[in-house]
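For reference, the structure discussed in these notes is given below.
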Amino acid sequence: MPDQNPSESAESISAKVSDVIPIDEHEEDEVAENGKLVRRRGVYLLPNLFTTGALFGGFFAIISAMNENFANAAMAIFAAQILDGFDGRVARMTNTTSKFGTEYDSLSDMVSFGLAPAIVMFSWALEPLGKFGWAAAFVFTCCAALRLARFNTQVGTTDSRYFTGLASPPAATLLASGVWLGSGYELTAEVSVFAALVTAFVGFMMVSNLRYQSFKGLDANRRVPFVAMLITLFVFVVITINPPMVLFGLAFTYAISGPAGWVWDHLKPKKVDAELGESQARESVDEQE
């Protein structure tokens, strides 16, 4: 009996399952080895497991926030970020990328990094503000959705070294670490107003045209100086001393790096033009003399 193609075997199993369970089977175009588009049934399990884990992290963060367990909510969002960082890499390493996985990952990001941080922030500090509080939370959620939609339509057409607008994972980190840090202190009206302003600010940064470093140019397989390992160890030690404060500081620094870079880029040309004008004026004076 000849060996059966694994993909054909998987499709036959998928067809049998669909005959028993009343659920429509997923089919999508896939590039075969000969370069032609073929229809494949089913989905890849391994990368979608990581995506499902990230989605569960966002869901667990919402449940924890509703029960006022804000530290657990923040850690669940951080866990979702770790799992979200693995699913794409695993898919590329195992050659299991697919349109389904891309769309599923985007929907998971919306829950874990768009909806969950807004609900966590609202449950902790924004609810006392009434309509102003839920409006700030909705601004963040809506901007996260717009940012993800824009990112999906611009894949492959932008410089991979930079993000256009603040990415949703670091935006979620800023809100989650802020809640984790602030939950240990007494909540006042001033803190609630500040939290609402930060929430809305981070939301607008996601849909802005400001450039943020993506750090995709870093090659983890490249040799680095030994001191780089010591610096990495030092960073981990600092984080373990006070995780919420250090994570909030790192996320806040990254969030303002976009506006700071924009200001620097707009001030630097003016300074160069001024120096060029002064040098030209000196040359004209010298020629006259």
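Residues: numbered from 1 along the sequence shown.
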Item checked: Residue pair Thr173, Gln81: steps toward the side chain to side chain donor-acceptor pair (under 3.5 Å) verdict -> CA-CA 9 Å; Thr173 298; Gln81 293 181 6; 2.5 Å; yes
Item checked: Side-chain H-bond candidate by donor/acceptor type, Ser168 with Asp109, under 3.5 Å -> no
Check: Do Leu175 and Phe132 share a hydrophobic cluster, counting only Ile, Leu, Val, Met, Phe, Trp and Tyr and linking them when any side-chain heavy atoms are less than 4.5 Å apart?
Finding: yes
Notebook entry, point to check: Is any side-chain heavy atom of Ile77 closer than 4.5 Å to a side-chain heavy atom of Pro117?
Noted result: yes
Check: What heavy-atom pair brings Leu129 and Gly133 nearest, and what distance separates the two atoms?
Finding: CB-N, 3.6 Å
Next item on the list: Identify the heavy atoms of Ala255 and Pro259 that sit nearest to each other, and give their distance.
Entry: O-CD, 3.3 Å
Notebook entry, point to check: Taking C-beta and beyond as the side chain, do Met206 and Phe140 meet within less than 4.5 Å on heavy atoms?
Noted result: yes
Checklist line | ILVMFWY network linking Val179 to Phe252, side-chain heavy atoms under 4.5 angstrom | finding: yes
Next item on the list: Answer yes or no: is there a side-chain heavy-atom contact under 4.5 Å between Val139 and Thr199?
Entry: no
Note to self: Which heavy atom of Ala176 sits nearest to which heavy atom of Ala74, and what is that distance?
What the structure shows: O-CB, 3.5 Å
Next item on the list: Take Met205 and Leu210 through the test side chain to side chain contact (heavy atoms under 4.5 Å, CB included) and record every step on the way to the result.
Entry: CA-CA 8 Å; Met205 289 299 99; Leu210 300 176; 3.7 Å; yes
Next item on the list: Check the pair Thr96 / Leu46 against side chain to side chain contact (heavy atoms under 4.5 Å, CB included), numbers first and verdict last.
Entry: CA-CA 8 Å; Thr96 54; Leu46 185 58; 5.7 Å; no
Margin query: Please give me the minimum heavy-atom distance between Pro243 and Trp180, naming the atom from each residue.
Written below: CB-CH2, 3.8 Å
Next item on the list: Kindly indicate, with the supporting measurements, whether the criterion side chain to side chain contact (heavy atoms under 4.5 Å, CB included) is fulfilled by Val191 and Trp124.
Entry: CA-CA 10 Å; Val191 173; Trp124 171 61; 3.9 Å; yes
Item checked: Expected output: side-chain Asp105 to main-chain Gly101 donor-acceptor under 3.5 Å -> no
Could you pull out every donor-acceptor pair under 3.5 Å between side chains of residues 54-67 and any protein atom, sequence neighbours left out?
{"residue": "Ser64", "atom": "OG", "partner": "Phe60", "partner atom": "O", "Å": "2.9"}
{"residue": "Asn67", "atom": "ND2", "partner": "Ile63", "partner atom": "O", "Å": "3.3"}

Check: Are any non-hydrogen side-chain atoms of Asn209 and Thr164 less than 4.5 angstrom apart?
Finding: yes
Note to self: Does any part of the side chain of Ser177, heavy atoms only, come nearer than 4.5 Å to the side chain of Phe78, both counted from C-beta?
What the structure shows: yes
Next item on the list: Go through the steps for Tyr212 and Tyr162 under the test ring pair (Phe, Tyr, Trp, His ring centres under 6.0 Å), then give the verdict.
Entry: CA-CA 5 Å; Tyr212 286 87; Tyr162 300 96; over 10 Å; no
Notebook entry, point to check: For Ser123 and Glu68, does a side-chain donor sit closer than 3.5 Å to a side-chain acceptor?
Noted result: no
Check: Between Tyr104 and Thr52, does a side chain to side chain donor-acceptor pair (under 3.5 Å) hold up when you go through it step by step?
Finding: CA-CA 9 Å; Tyr104 187 33; Thr52 303; 2.8 Å; yes
Note to self: Let me check something: do Leu174 and Phe151 share a hydrophobic cluster, defined by ILVMFWY side-chain heavy atoms less than 4.5 Å apart, either directly or through other members?
What the structure shows: yes
Margin query: I'd like to know if Phe50 and Leu148 are part of one continuous hydrophobic network [Ile/Leu/Val/Met/Phe/Trp/Tyr, side-chain heavy atoms within less than 4.5 Å].
Written below: no
Item checked: Geometric cation-pi criterion, Arg147 with Phe163: 6.0 Å, 45° -> yes
Next item on the list: Verify, without hydrogens or angle tests, whether Thr94 (side chain) and Val90 (backbone) share a donor-acceptor contact under 3.5 angstrom.
Entry: yes
Note to self: Could you see if Trp134 belongs to whatever hydrophobic cluster contains Val193? Use Ile, Leu, Val, Met, Phe, Trp, Tyr and a side-chain cutoff under 4.5 Å.
What the structure shows: yes
Next item on the list: Output, in order, the C-alpha distance, side-chain angles, deciding distance and verdict of side chain to side chain contact (heavy atoms under 4.5 Å, CB included) for Leu187 and Ser192.
Entry: CA-CA 7 Å; Leu187 181 65; Ser192 294; 3.6 Å; yes
Margin query: Asn152: which residues meet the side-chain contact (heavy atoms from CB on, under 4.5 Å) condition with it, sequence neighbours left out?
Written below: Ser106
